[in-house]
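Sequence positions, counted from 1, serve as the residue numbers for this chain.
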Amino acid sequence: MLDIRHHFGIRVRELRLRSGMSQETLAHRAGLDRTYITDVERGTRNISLVNIEKIAAALTVSIEYLFAGERFSATPTYQQKDFTEPIQDRFKYHLDPETRVLAFTVKGLLTPQDVAYMDRTLIGICAGFGRGEISLLVDHRLMLAADGEPAVYSPEVTEKAIEFQKNLLIYSKKVAVLCNSQFMVQNLNHVTSISGIYNQSYQLFGKDRFMVQEAYEILGITGNELVREKG
């Protein structure tokens, strides 16, 4: 029977891989040695609370979430097979001029270049409006890896997403984000806290119907042409 060290190691490994991180990257972000992370993932290291906190921060999750029940496969993400379709085919957007809600959806994972493309496109639309005149409805429900399971922003994508959100901060009134998992909620809470958009952004996850309706209520709308409940 596996002991708690092995269970914890499996958990760290799956979250690391769903974030597109290598052991070296996680170690660097946590301020720990790579061999230490290797031992943690193998379940051979008696890890201290201080280092648990460091690893949680490096994974952009809370300590509580490290021990939560939401689980994933340990399949590596941000591989070549995750990017077979160009971003132009996976990114859709729609501006409702009446409600001034700019909605966009993303299917699959993102590269930093993809985020830069989205930034240019959406900021170009927002530039026609004044400060705080646009609300955003973001649909990340289909941000899935090639294995069909959720993934979150990689460290490289996170850096670009922070820049993107800083640019949006000028124009956005409220932001509602439909997430693919509680893991993504944790990940985006981290991103929005750095970008400065945290107090305006609501990261949502739950049953599809309730999640979509909550997003509508936050933005003061009754529906959206692009972002709806899954059929």
Side-chain angles (χ1 to χ4, degrees), residues 1-30 32 34 36-45 47 51-85 90 105-112 114-115 138-161 177-193 203-208 210-212 230:
M1 180 180 293
L2 298 179
D3 65 20
I4 189 170
R5 294 176 301 172
H6 285 87
H7 284 294
F8 183 78
I10 291 169
R11 176 65 163 167
V12 169
R13 184 170 186 267
E14 72 182 38
L15 295 183
R16 173 177 66 79
L17 291 172
R18 302 315 293 184
S19 305
M21 287 191 218
S22 65
Q23 287 185 337
E24 289 83 358
T25 299
L26 178 58
H28 175 74
R29 289 165 61 89
L32 299 168
R34 186 195 62 78
Y36 186 93
I37 295 297
T38 300
D39 290 345
V40 168
E41 292 190 357
R42 287 176 176 170
T44 59
R45 176 73 67 162
I47 186 169
N51 286 341
I52 288 175
E53 183 179 43
K54 289 180 179 179
I55 289 172
L59 291 167
T60 67
V61 300
S62 66
I63 293 175
E64 292 83 359
Y65 182 76
L66 272 180
F67 297 93
E70 185 177 67
R71 303 305 298 261
F72 309 98
S73 73
T75 307
T77 58
Y78 290 87
Q79 306 295 302
Q80 187 174 358
K81 61 186 177 182
D82 290 314
F83 302 104
T84 57
E85 293 183 72
R90 301 184 288 110
T105 66
V106 180
K107 179 183 177 183
L109 305 189
L110 296 169
T111 66
D114 293 340
V115 179
V138 183
D139 189 356
H140 277 339
R141 289 174 294 175
L142 291 179
M143 190 175 162
L144 309 175
D147 62 5
E149 288 200 29
V152 300
Y153 291 176
S154 70
E156 297 79 13
V157 169
T158 293
E159 290 181 10
K160 283 294 183 182
V177 186
L178 308 182
C179 296
N180 62 22
S181 60
Q182 285 293 349
F183 189 16
M184 177 170 278
V185 171
Q186 298 269 322
N187 183 244
L188 293 186
N189 282 343
H190 168 78
V191 172
T192 58
S193 68
Q203 283 66 247
L204 310 173
F205 179 70
K207 290 186 177 180
D208 195 69
F210 299 123
M211 177 169 53
V212 173
K230 292 179 182 177

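With values rounded to the nearest 0.5 angstrom, D82 atom CG is found 7.5 Å from D147 atom CG. Separation of atoms CZ (F72) and CZ (R11) is listed at 6.5 Å; rounding is to 0.5 Å. Rounding to the nearest 0.5 angstrom, the gap separating the CZ atom in F67 from the CD1 atom in I52 is 4.5 Å. Atom CG of L188 and atom OG1 of T158 lie 8.5 Å apart (nearest 0.5 Å). Between atom CZ of residue R13 and atom CZ of residue R42 there is a gap of 11.0 Å, rounded to the nearest 0.5 Å. Atom CD of Q182 is separated from atom CG of L204 by 10.0 Å, given to the nearest 0.5 angstrom.
Between the side chains of R34 and T38, at least one donor N or O sits under 3.5 Å from an acceptor N or O. Side-chain contact, N187 with H190: no donor N or O sits under 3.5 Å from an acceptor N or O.
Side-chain contact between V106 and D114 is absent, with no heavy atoms from C-beta onward closer than 4.5 Å. At least one side-chain heavy atom of L59 sits less than 4.5 Å from a side-chain heavy atom of M21. Under the 4.5 Å side-chain criterion, counting only non-hydrogen atoms from C-beta, Q203 is in contact with T192. For the pair T60 and V191, the minimum side-chain heavy-atom distance is 4.5 Å or more. Residues Y78 and V157 form a side-chain contact, since some pair of their non-hydrogen atoms from C-beta on lies under 4.5 Å apart.
Between the R18 side chain and the A145 main chain, no donor and acceptor come within less than 3.5 Å of each other. Distance alone, capped at 3.5 Å, places no donor-acceptor pair between the R16 side chain and the T25 backbone. For Q186 (side chain) and S62 (main-chain N/O), a donor-acceptor pair under 3.5 Å exists by modelled atom type.
In terms of heavy atoms, F183 sits closest to V61 at CE1-CG1, 3.4 Å. Looking at every heavy atom in both residues, S19 comes nearest to V152 through OG-CG2, 3.6 Å. Residues P112 and E156 come closest through the heavy atom pair CG-CB, 3.8 Å. Closest of all the heavy-atom pairs between A74 and L17 is O-CD1, 3.0 Å. The shortest non-hydrogen separation linking A151 to T77 is CB-CG2, 4.1 Å. For the pair V115 and A161, the tightest heavy-atom approach, listed with the atom from each and the gap, is CG1-N, 4.0 Å.
Between H140 and Y153, the ring-plane angle classifies as perpendicular under the 30° and 60° cut-offs.
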Would E149 and L144 satisfy side-chain contact (heavy atoms from CB on, under 4.5 Å), going step by step from the backbone distance to the final call?
CA-CA 5 Å; E149 288 200 29; L144 309 175; over 6 Å; no
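More than 12 heavy atoms of other residues, nucleotides or ligands lie within 6.0 Å of CD in E85, so this atom counts as buried by the packing criterion. Residue E70 places its CD atom among more than 12 non-hydrogen atoms of other residues, nucleotides or ligands, all under 6.0 Å distant.
For the side chain to side chain contact (heavy atoms under 4.5 Å, CB included) test, residues two or more places apart in sequence or in another chain that qualify with Y36 are L32, D33, V40, R45, I47, N51. Residues satisfying the side-chain hydrogen bond (donor to acceptor under 3.5 Å, both in side chains) criterion with R71, sequence neighbours excluded, are E14.
Between D139 and K230, no side-chain nitrogen of the basic residue sits less than 4.0 Å from a carboxylate oxygen of the acidic one, so the salt-bridge criterion is not met.
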